[in-house]
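First comes the structure, then the notes that go with it.
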Amino acid sequence: MDTKISDIIARLFDVTVDVKVTRPDPQFGDYATNVALQLAKPLGKNPREIAETLATALRETGEYAAVSVAGPGFINVTLADTALLAALAARPVQARLNESAVIEVYNPNPFKDLHIGHAYNCITADTLANLLEQRGATTHRVSYHGDVGLHVGKSLWAILQFIDGDVAKLDAIPENERAAFMSRMYVEGARAYKDDETAKEAIERLTKQSYGFEDAFEQQVYDVCKAWSFDYITATVARLGSKPAERRYLESEADTLGVETVKQHVGSVFEESDGAIVFPGEQYGLFTNVFVSSRGTGLYAARDLGLMQLKQRDFSPQKSYIVTGDEQRAYFNVVIKAAELSLPELKDVTVNIPTGTVKLSTGKMSSRTGDVLNIEWLFERLHEAASERGDVQEAVIIAALRYAFLKVRIGSDIIFDVNEALSIEGNSGPYLQYAHARARTILAKSKQTGMQPADLDAAERTLVSKLGEYHEVIQAASEQLLPHLLCTYLYELSQTFNRFYEQSRVIGDAREAQRLFIVERYADTLRDGLTVLGIPTPDQL
RNA sequence: GCACCCGUAGCUCAGCUGGAUAGAGCGUUGGCUUGCGGAGCCAAAGGCCACAUGUUCGAAUCAUGUCGGGUGUACCA
């Protein structure tokens, strides 16, 4: 429709404009545009006059049920029922059909526990991957983990103290207690590092050797515990309703390549400073960051440079997305700039998507101190709250968590309220699951089969019009990588349905078959949309 | 200090590629109620869209500044 209108404008007024068609308040029609207002100035004419001229031309096409001019010069278009019904079959434009994208879907470090921020980033990244797929992109979900470094030294030191030379002590820890054990060990190691001088020395030795231990026993303990960590991470990702990564990258494997790259570009991109190799980001309005330490070891930034190349080698993507907390925004600007200069073939590939912080409505928040807000704690709270309401279903827990995170625009902080998330009233994941199940029940109860209506009554019309918006929303959400647009739409859709449902009987009505058709489209649309959000849609709850 | 992000109803958030009375949910108040799952529907109260100036026919939306909150700023990840 937008191109049609701009064609008409070109013909009548001899100007080219990018016409934007929007979905107005239903009282005005199905579509609206304010081009007439925009044209008023350049054409030096009254906007209402322009609008009337355009409206007449649009009416003459005979394609629309009604075209009217309102307010200062809005053109409102009402589609014919047949056009409205035809729109139900529309699919999102596959604009990314030839695009291959890599996306880091989760990246917690082994030997440490998982906190609420990991859950948020994981759910967001997983959903972004789904959205890219909706537009036809091929996606590769990968993960990236710090398997070397100080945190490993701290944890391993405490673990070694605990087992005291006897691996059997590790075997004695039941599977379901391993995560808690590891978490405890990290805290203990971190404390010893701070308070105990001899422990600190031992931890530093272990840290240096985390690429490969001289002692076979230490290596064995490291391997066992690392495997535990990854088992736990994998299991947690599944619990969050996210899809697994197809390739796991480790900092230890990205390190060599990254350090090499940095060293190759000393003098051109990087420079030496106090024995370290730094990227002088100030020249580009960024900040200067150390890539290789004065000890010659690769730092996080160098490893990211290595990782970029590994991803490129494995998948040669057009885009590579990294979802992180906002506090890493400036850091990634530096790394991306450094990559662009040292690896020109990677220009414009890596995109950092900064997210907000998850805080709790109770005031407690994600923190670095002992006040850990880990994922286990979160799941416990969700289960508690769910059991207070009756039965606990994993599908509902996933819906509560994912929807609460996804309904807010990416970038702003999430104030998470367990009870609100689980609520079956209002704008929540469980509510939408319920709305879906209720529609399925109607379909199951009827003995008739759906039949596409030839025309629509007022309530049906409003619902069908809203349903026709689905593919537009998917497109917008995918284009802008904003899942909350889909959340908002699905909730509005369910509200529209409830209004329809309030006044339109389905089973037993003369229009039963026609309405079944619409209800089915509604249920399918909800299922489709919730699936993109990674939310399960059981037929019954 | 400098840079970036944020500031919309009591609370949690949409709306931000400028346009029609600033919208939802929760909470509050009132109504619908033998119902295809009422976990809903209808209605009311509640907003100088942090503040100021500017650009514009038109600003919650753009620009500049002020105030308030957050984050980053060299060998952690």
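To find a chain, count down the sequence lines: A is the first, B the second, and so on, and within it residues start at 1. Side-chain atoms are counted along with the backbone in the values below, which use heavy atoms only and exclude waters and symmetry mates.
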Legend entry - Glu327(A), nearest nucleotide to its side chain (from C36(B), A20(B), U71(B)): U71(B)
Legend entry - Tyr522(A) ring center within less than 6.0 Å of His436(A) ring center: no
Inset, instruction - Please determine if Arg248(A) and Asp147(A) form a salt bridge, counting it only when a charged side-chain N lies under 4.0 Å from a carboxylate O. - result: no
Inset, instruction - Examine G38(B): is either OP1 or OP2 under 4.0 Å from a nitrogen or oxygen in the side chain of Arg438(A)? Give yes or no. - result: yes
Inset, instruction - Could you check whether Gly71(A) gets within reach of a base, just the sugar-phosphate, or nothing at all, counting any heavy atom under 4.0 Å? - result: nothing
Inset, instruction - Have a look at Asn498(A) and say if it touches a base, only the backbone sugar-phosphate, or nothing, with a 4.0 Å heavy-atom cut-off. - result: sugar-phosphate
Inset, instruction - Using only side-chain N and O atoms of Tyr501(A), determine if any of them is under 4.0 Å from OP1 or OP2 of G38(B). - result: yes
Inset, instruction - Can you tell me the distance, in whole Å, between the CG atom of Asp326(A) and the P atom of G72(B)? - result: 9 Å
Inset, instruction - For Thr33(A) and Lys20(A), indicate whether the former's side chain and the latter's backbone hold a donor-acceptor pair under 3.5 Å. - result: yes
Inset, instruction - Under 4.0 Å between any heavy atoms, over every strand shown, what does Ala32(A) touch: base, sugar-phosphate, or nothing? Just pick one. - result: base
Inset, instruction - Would you mind checking if Arg499(A) and Glu502(A) are paired as a salt bridge, meaning a charged N to carboxylate O distance below 4.0 Å? - result: no
Inset, instruction - For RNA chain B, determine which residues of residues 512-526 of chain A have any heavy atom closer than 4.0 angstrom to one of its atoms, and list them numerically. - result: none
Legend entry - Contacting residues from residues 403-412 of chain A, given that a heavy atom lies under 4.0 angstrom of RNA chain B: Val408(A), Arg409(A), Ser412(A)
Inset, instruction - Looking at every strand, decide which applies to Asp18(A) at a 4.0 Å heavy-atom threshold: base, sugar-phosphate, or nothing. - result: nothing
Legend entry - Touch class at under 4.0 angstrom, heavy-atom based, for Ser504(A) against every strand present: base
Inset, instruction - Check whether any side-chain N or O of Arg329(A) sits under 4.0 Å from OP1 or OP2 of G72(B), and answer yes or no. - result: no
Inset, instruction - For His484(A), answer base if it contacts any base atom (sugar-phosphate contacts may also be present), sugar-phosphate if it contacts only those atoms, and nothing otherwise; contact means non-hydrogen atoms under 4.0 Å. - result: sugar-phosphate
Inset, instruction - Quick one: label Ala40(A) by what it contacts on the DNA or RNA (base, sugar-phosphate, nothing), any heavy atom closer than 4.0 Å. - result: nothing
Inset, instruction - Once you apply the 3.5 Å cut-off to both distances, tell me the Watson-Crick or G-U wobble partner of G7(B), or none. - result: C67(B)
Inset, instruction - Check every strand shown and say whether Asp274(A) touches a base, only sugar-phosphate, or nothing at a heavy-atom separation below 4.0 Å. - result: base
Legend entry - Identified pairing partner of C62(B), criterion: Watson-Crick or G-U wobble below 3.5 Å: G54(B)
Inset, instruction - Classify the nucleic acid contact of Ala276(A) as base, sugar-phosphate or nothing, counting any heavy atom under 4.0 Å across all strands shown. - result: base
Inset, instruction - Please confirm whether any donor atom in the side chain of Gln480(A) sits under 3.5 Å from an acceptor in the base of U17(B), or the reverse. - result: no
Legend entry - Counterpart base for A39(B), defined by Watson-Crick or G-U wobble contacts under 3.5 Å: none
Legend entry - Donor-acceptor pair, side chain of Ser210(A) and main chain of Gly149(A), under 3.5 angstrom: yes
Inset, instruction - Using atom types as modelled and distance alone, determine if a side-chain donor or acceptor of Ser412(A) lies under 3.5 Å from a backbone N or O of Val408(A). - result: no
Inset, instruction - Just name whichever nucleotide pairs with G1(B), Watson-Crick or G-U, keeping both distances under 3.5 Å, else none. - result: U73(B)
Inset, instruction - Pick base, sugar-phosphate or nothing for Tyr434(A), based on heavy-atom distances below 4.0 Å to the nucleic acid. - result: base
Legend entry - Sugar-phosphate only, base, or nothing, as touched by Arg499(A) at under 4.0 Å among non-hydrogen atoms: sugar-phosphate
Legend entry - Polar side-chain contact Ser293(A)-A74(B) base: donor and acceptor under 3.5 Å: no
Inset, instruction - For Arg521(A) and Leu516(A), indicate whether the former's side chain and the latter's backbone hold a donor-acceptor pair under 3.5 Å. - result: no
Inset, instruction - Indicate, with a heavy-atom threshold strictly under 4.0 Å, whether Ile415(A) touches base, sugar-phosphate, or nothing. - result: sugar-phosphate
Inset, instruction - Classify the side chain of Asp304(A) and the base of A77(B) as holding, or not holding, a donor-acceptor pair under 3.5 Å. - result: no
Legend entry - G46(B) pairs with, by Watson-Crick or G-U criteria that keep both distances under 3.5 Å: none
Inset, instruction - Could you work out which one of C36(B), G25(B), A20(B) sits closest to the side chain of Lys445(A)? - result: C36(B)
Inset, instruction - For Pro47(A), answer base if it contacts any base atom (sugar-phosphate contacts may also be present), sugar-phosphate if it contacts only those atoms, and nothing otherwise; contact means non-hydrogen atoms under 4.0 Å. - result: nothing
Inset, instruction - Check every strand shown and say whether Thr441(A) touches a base, only sugar-phosphate, or nothing at a heavy-atom separation below 4.0 Å. - result: base
Legend entry - Gln495(A) side chain near G25(B) phosphate (N/O to OP1/OP2, under 4.0 Å): yes
